[in-house]
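Just so you know, these numbers come straight off a predicted model, no measurement behind them. Any value given below was found using the heavy atoms of this structure, including those in side chains, with hydrogens, waters and symmetry copies removed. When a residue number appears, it is its place in the shown sequence, counting from 1.
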Amino acid sequence: FLDLRSQYRWQTSDFLVNVRYSYEDLYNAELPRGEEIFDPLDPNFGSDAESGRTIVGETRDRLRVTPVYTYVVSERLSIGANVNLDASRYHTDLRDDYDYWNLGAFTRWALNPRTSIGADVYTSRFETTENTNQTDGDGVGVSVVHRYSDNVGVEGRLVLEEGGDRKGR
């Protein structure tokens, strides 16, 4: 495993990048374990669990890169962009390798120092490297975030997504 997290801050902007590489057997990669249900370094990813289909003795390489850029327009308004790139390669013919990307833009409005509302748009694509499946998605979302402290808070989010599946192009 390799986990890298780097954050750069300037006076009016912030850049954060998470890079995660793993090489593990499919038994451990496909079944959720306690520490992977929630990752405190990257809480937006959630579990690494996939389909639950385990193949004993086979392995997977996985690379995830997630940069986020935020620009503070004013004391209350910030805008930004984020990317999520995920590539998985299986060392077996029983699973399809895949690439996934998600590109988004967001805005946040601070109601007070601890509470903000936001809106975002995104587009995404999931594609197997053998071209047997391609799924595109587009969506919009709204959210409310309240921070009790720097480490504790709650977020409510409503998302409307439209997607299309194309098999065997």
Side-chain angles (χ1 to χ4, degrees), residues 1-24 26 28-52 60-88 98-127 135-165:
F1 292 96
L2 173 67
D3 286 329
L4 298 174
R5 178 183 166 96
S6 187
Q7 186 168 16
Y8 303 93
R9 291 183 182 216
W10 297 275
Q11 188 172 356
T12 59
S13 58
D14 183 55
F15 179 72
L16 169 69
V17 64
N18 287 305
V19 177
R20 175 176 289 173
Y21 171 79
S22 66
Y23 173 81
E24 62 184 328
L26 289 181
N28 288 313
E30 296 293 326
L31 296 176
R33 298 172 305 282
E35 72 275 3
E36 291 189 4
I37 299 300
F38 177 76
D39 182 355
L41 292 178
D42 197 0
N44 293 324
F45 271 127
S47 172
D48 269 348
E50 296 289 329
S51 66
R60 173 186 78 180
D61 286 297
R62 187 173 192 181
L63 175 66
R64 292 198 253 180
V65 180
T66 56
V68 178
Y69 177 77
T70 305
Y71 180 75
V72 178
V73 177
S74 70
E75 190 174 298
R76 291 185 178 254
L77 178 65
S78 60
I79 59 174
N82 60 313
V83 177
N84 177 0
L85 305 170
D86 188 342
S88 288
Y98 69 86
D99 296 321
Y100 169 79
W101 60 263
N102 179 307
L103 175 63
F106 60 87
T107 184
R108 281 190 215 111
W109 181 264
L111 300 174
N112 59 51
R114 293 181 177 236
T115 307
S116 64
I117 57 175
D120 63 276
V121 297
Y122 66 89
T123 186
S124 65
R125 172 170 286 174
F126 172 90
E127 184 173 34
T135 304
D136 297 319
D138 300 298
V140 297
V142 293
S143 62
V144 176
V145 177
H146 180 75
R147 307 289 312 167
Y148 297 106
S149 70
D150 286 342
N151 297 322
V152 178
V154 295
E155 177 177 1
R157 184 166 158 76
L158 179 64
V159 177
L160 175 63
E161 182 174 307
E162 180 178 297
D165 185 22

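- Pairing each heavy atom of R114 with each of S149, the nearest pair is NH1-N, 4.1 Å.
- A distance of 5.0 Å separates CZ in R9 from CG in D14, rounded to the nearest 0.5 Å.
- In summary, the side chains of T66 and N84 do not present any donor paired with an acceptor at a separation below 3.5 Å, with no hydrogens or angles considered.
- For the atom pair CZ of R125 and CG of D136, the computed distance is 4.0 Å after rounding to the nearest 0.5 Å.
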field: Full working for side-chain contact (heavy atoms from CB on, under 4.5 Å) between L4 and Y21
entry: CA-CA 9 Å; L4 298 174; Y21 171 79; over 6 Å; no

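- The ring pair (Phe, Tyr, Trp, His ring centres under 6.0 Å) pairs that include a residue from residues 138-159 are H146-Y148, where partners are two or more places apart or lie in different chains.
- Using a 4.5 Å cut-off on side-chain heavy atoms (C-beta onward), D86 and F126 make no contact.
- The minimum heavy-atom distance between S116 and R108, with the atom names listed, is OG-CD, 4.3 Å.
- Side-chain contact between R62 and F1 is absent, with no heavy atoms from C-beta onward closer than 4.5 Å.
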Using distance only, find each side-chain donor-acceptor pair of residues 72-83 under 3.5 Å and give its atom names and separation, not counting sequence neighbours.
{"unit_1": "S74", "atom_1": "OG", "unit_2": "R76", "atom_2": "N", "d": "3.4"}
{"unit_1": "S74", "atom_1": "OG", "unit_2": "L77", "atom_2": "N", "d": "3.2"}
{"unit_1": "R76", "atom_1": "NH1", "unit_2": "A110", "atom_2": "O", "d": "2.8"}
{"unit_1": "R76", "atom_1": "NH1", "unit_2": "L111", "atom_2": "O", "d": "2.9"}

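- Here OH of Y100 is found 10.0 Å from CG of L85. Values are rounded to the nearest 0.5 Å.
- Note that CZ of F15 is 8.0 Å distant from OG of S6, once rounded to the nearest 0.5 Å.
- Side-chain contact check for V19 versus L63: some heavy-atom pair is nearer than 4.5 Å.
- Heavy atoms only, all atoms of each residue included: R147 and V145 are closest at CD-CG1, 4.0 Å.
- For the residue pair Y122 and D120, no side-chain donor N or O sits within less than 3.5 Å of a side-chain acceptor on the partner.
- Of all heavy-atom pairs between T123 and W101, the closest is O-CZ3, 3.6 Å.
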